[in-house]
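Chain letters run A, B, ... following the sequence lines, proteins first, then strands; residues in each count from 1. Given the structure is predicted, the values throughout are model-derived calculations rather than measurements.
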Number of protein chains: 2
Amino acid sequence: MDTLETRELRYFVAVAEELHFGRAAERLGMAQPPLSRAIQQLERRLGVCLLQRNRRGVRLTGAGEVLLHEGRAALDATVAAARRTRRAGGADSPGGPRNRLVLAVKAAASHELLRKLLDAYAAEPDSAEIEVLPCGICEQEELLRDGRADVALMHTPWNSLAGFDSEALTTEGQVAVLPAGHPLTARETLSLADVRDVPDLPLARWPTHGTYAPGPGPEIHNQTQLAQLIALGRTVAVVPDSARSWLWAEHTAVPLTDAPPVVTHIAWPAHSRSLALAGLVRTAARL
Amino acid sequence: MDTLETRELRYFVAVAEELHFGRAAERLGMAQPPLSRAIQQLERRLGVCLLQRNRRGVRLTGAGEVLLHEGRAALDATVAAARRTRRAGGADSPGGPRNRLVLAVKAAASHELLRKLLDAYAAEPDSAEIEVLPCGICEQEELLRDGRADVALMHTPWNSLAGFDSEALTTEGQVAVLPAGHPLTARETLSLADVRDVPDLPLARWPTHGTYAPGPGPEIHNQTQLAQLIALGRTVAVVPDSARSWLWAEHTAVPLTDAPPVVTHIAWPAHSRSLALAGLVRTAARL
DNA sequence: TCCTGTCATACCTGCCAGGTATCACCGCGT
DNA sequence: ACGCGGTGATACCTGGCAGGTATGACAGGA
């Protein structure tokens, strides 16, 4: 009577994202009419108008926006359930599942810490196998939510810890990375204002949740690309202290006095009850 | 292909909870054979054995336990989606939905704070209507998760904030509530050890998530009952400072030196994006 | 005014969810 | 040893609904 089926949520989210029945149907691999009908049924069952059909496109109502957000969360939870169940599948005897844990890490971030963590955890008795899943800049939240990962290393203020349990591991300052020999490298320290408006060196832009903030600087996709652009004297970047480990000879790092500190956390879905995860977190907290 | 339907999750959770196909089918209002078949299909689709069918009952495998936990979370998320969408339904124009917020509060806890919060929020411009939903001792988490409530007042260390966003509002100490005239009331302060083992006054037990820890003291269901039992000289209780407001003449409160402080939080689902909620939280943080 | 793009309607069909009847199997009493 | 009760699995059928095709209604633009 009043329970939404996953299928209906999938359909609605597709339509709400495309704002176009035809394209949504194509994306779902079905014809448009049954999709229209399914959405109508959904609206009737909920007793709520979700979409405002003006000829020439579709708009979300307030209730539609709510269902889009809540429905996405619910869909994530269901695919996470399927994935985690499959993952737990191989080992079976209730005694020793010998779980695998998938750990999501921003590529090249917190490398030292990660190495220490993996070594320390492997030395524990009964440690599970850890699969390291390298991911993009802000992808960890999504990976945890949809079950592709069980635990992640996150970095505030870039990642949001909302909805996860977490434990802070380390705090570090940030540095400006400049081309070696640039006039600013003569200074002992810099402020954010100093590097934000260098005329010849626009500040590099990282994607936040897949999109780039507008600005003059180049759009950076990975660390190597960034290193190269800095070495070529085309840009300047603000990165955590620990990034010094991958700097080149053509780079110079200058500490920033007023950049927000970067805190590395280990984070996991709040409802998690895995013993292996608990062990990993305990190990991390002791580092 | 690989997406779990809500129906399948409902079925599996029922079987996993009952550990009995017949009873689960009855609970679901269906016959047993289709249920058996549905679970088999689920196992085949996931490629995982979820249940160990020993004649004479059923047991969960490791993967089954994972799916039970994750599936419950996913089901909660879907019913929450439906409920919140319905609730957002009445008002429609994208401009002013005039939302209602449902606020879950442990009955009689933080009464003063709640009054101040409601008054302050009502005085705000554009404040939404707040429906106060009184609930049991540890029910708030469940209400938030399945969408019956949008926001709650919680009290650590009793409530867990895992999976929610929250803002701490007040901190208070705890007091021991004794029958007036009891020898211990002569003391200025007490320690937990003092009240834990009073021979004639066993410590009252509150339910935690629906179950009572074992112990000698009486099982308390509500505050009136507790007040009466203390007044009759049958038990002693440890309660937050603010509970002094409902004490009787036959009660005496003595501060405890080593009880953990009680922190009142306002908490809400981490992914919430409601403007009305944001306003309420802002008001609360300013109190 | 036609044409185009959009969503809704009408109607049909095949599949699958669910029901009934029954089986296979085990434990347990006598 | 034998039947009996209780368990989950199998076989088979059927109705409803998900999904497809064809087409309509309607708005906006040239």
Side-chain angles (χ1 to χ4, degrees), chain A residues 1-61 63-64 67-68 71 75 78 92, chain B residues 1-61 63-64 67-68 71 75 78 82 92 94:
Chain A
M1 207 296 264
D2 61 339
T3 121
L4 298 186
E5 283 304 315
T6 313
R7 182 178 46 85
E8 303 179 284
L9 283 179
R10 262 197 346 262
Y11 289 1
F12 177 75
V13 169
V15 174
E17 282 177 356
E18 300 282 349
L19 290 178
H20 190 288
F21 280 80
R23 280 194 301 273
E26 189 181 10
R27 199 173 104 185
L28 292 165
M30 65 188 290
Q32 169 259 320
L35 180 58
S36 282
R37 225 190 19 181
I39 302 290
Q40 286 175 303
Q41 280 181 2
L42 181 63
E43 288 180 303
R44 243 181 310 121
R45 286 240 312 275
L46 288 173
V48 157
C49 174
L50 298 169
L51 299 167
Q52 222 159 342
R53 284 93 158 162
N54 310 328
R55 330 240 149 244
R56 217 68 182 181
V58 175
R59 277 212 333 260
L60 283 175
T61 65
L67 186 57
L68 178 57
L75 282 179
T78 38
D92 224 349
Chain B
M1 206 292 265
D2 64 336
T3 124
L4 297 186
E5 283 304 316
T6 312
R7 183 177 47 85
E8 304 179 283
L9 283 179
R10 258 194 353 256
Y11 290 0
F12 176 76
V13 169
V15 173
E17 283 177 355
E18 301 281 348
L19 291 178
H20 189 289
F21 280 80
R23 280 195 299 275
E26 189 182 9
R27 200 175 103 184
L28 292 166
M30 66 186 292
Q32 168 258 318
L35 180 57
S36 281
R37 224 189 20 178
I39 301 290
Q40 286 175 302
Q41 282 181 1
L42 182 62
E43 288 180 305
R44 240 181 310 120
R45 284 237 314 272
L46 288 174
V48 157
C49 174
L50 299 169
L51 298 168
Q52 220 159 343
R53 284 90 156 165
N54 309 328
R55 328 240 146 246
R56 220 67 182 179
V58 175
R59 278 210 334 259
L60 283 175
T61 66
L67 185 57
L68 177 56
L75 282 180
T78 43
D92 225 350

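B:Thr6 pairs by the side chain to side chain contact (heavy atoms under 4.5 Å, CB included) definition with A:Thr3, A:Glu5, A:Thr6, B:Leu75, B:Thr78, not counting sequence neighbours. With sequence neighbours excluded, the residues that form a salt bridge (charged side-chain N to carboxylate O under 4.0 Å, His left out) with A:Arg27 are A:Glu17, A:Glu18. Applying the side chain to side chain contact (heavy atoms under 4.5 Å, CB included) criterion to A:Ala25, with sequence neighbours excluded, gives A:Met30, A:Gln32, A:Leu35.
Separating the CZ atom of B:Phe12 from the P atom of D:dG8 is a distance of 14 Å, rounded to the nearest angstrom. Distance A:Arg59 CZ to D:dA27 P: 17 Å, rounded to the nearest Å. Taking atom CG on A:Leu35 and atom P on C:dC7, their separation rounds to 10 Å, with Å as the unit. The distance between atom CZ of B:Arg10 and atom C1' of C:dG18, rounded to the nearest whole Å, is 13 Å. For B:Leu51 and D:dA9, the CG to C1' distance is 14 Å, given to the nearest whole Å.
For the segment residues 13-28 of chain A, the set of residues with a heavy atom within less than 4.0 Å of an atom of DNA chain C comprises A:His20, A:Phe21, A:Gly22, in numerical order.
Closest heavy-atom contact between B:Phe21 and B:Ser36: CD2-OG, 3.4 Å. Summarising the geometry of B:Leu68 relative to B:Ala16, their closest heavy-atom pair is CD1-CB, 3.8 Å, with the distance given to 0.1 Å. Residues A:Ala63 and A:Val48 approach most closely at CB-CG1, 3.3 Å, considering heavy atoms.
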Inset, instruction - Starting from the C-alpha separation in whole Å, work towards a yes-or-no answer on salt bridge (charged side-chain N to carboxylate O under 4.0 Å, His left out) for B:Arg37 and B:Glu43. - result: CA-CA 10 Å; B:Arg37 224 189 20 178; B:Glu43 288 180 305; over 6 Å; no
Inset, instruction - Summarise protein proximity over nucleotides 11-21 of chain D in one line of letters, 5' to 3': B for base, S for sugar-phosphate only, - for none, counting protein heavy atoms closer than 4.0 Å. - result: -------BBBB
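Of the side-chain N and O atoms in B:Gln40, one or more sit less than 4.0 angstrom from OP1 or OP2 of D:dT10. Using a 4.0 Å cut-off, no side-chain N or O of B:Arg53 falls inside it from OP1 or OP2 of D:dT7. Between A:Ser36 and C:dC7, a side-chain N or O to OP1/OP2 separation shorter than 4.0 Å is absent.
Of the residues listed (A:Leu42, A:Leu51, A:Leu50), the one engaging A:Val15 in a side-chain contact (heavy atoms from CB on, under 4.5 Å) is A:Leu51, and it is the only one.
Contact of the A:Leu67 side chain with the A:Val13 side chain is not registered, since no non-hydrogen atoms from C-beta on lie closer than 4.5 Å.
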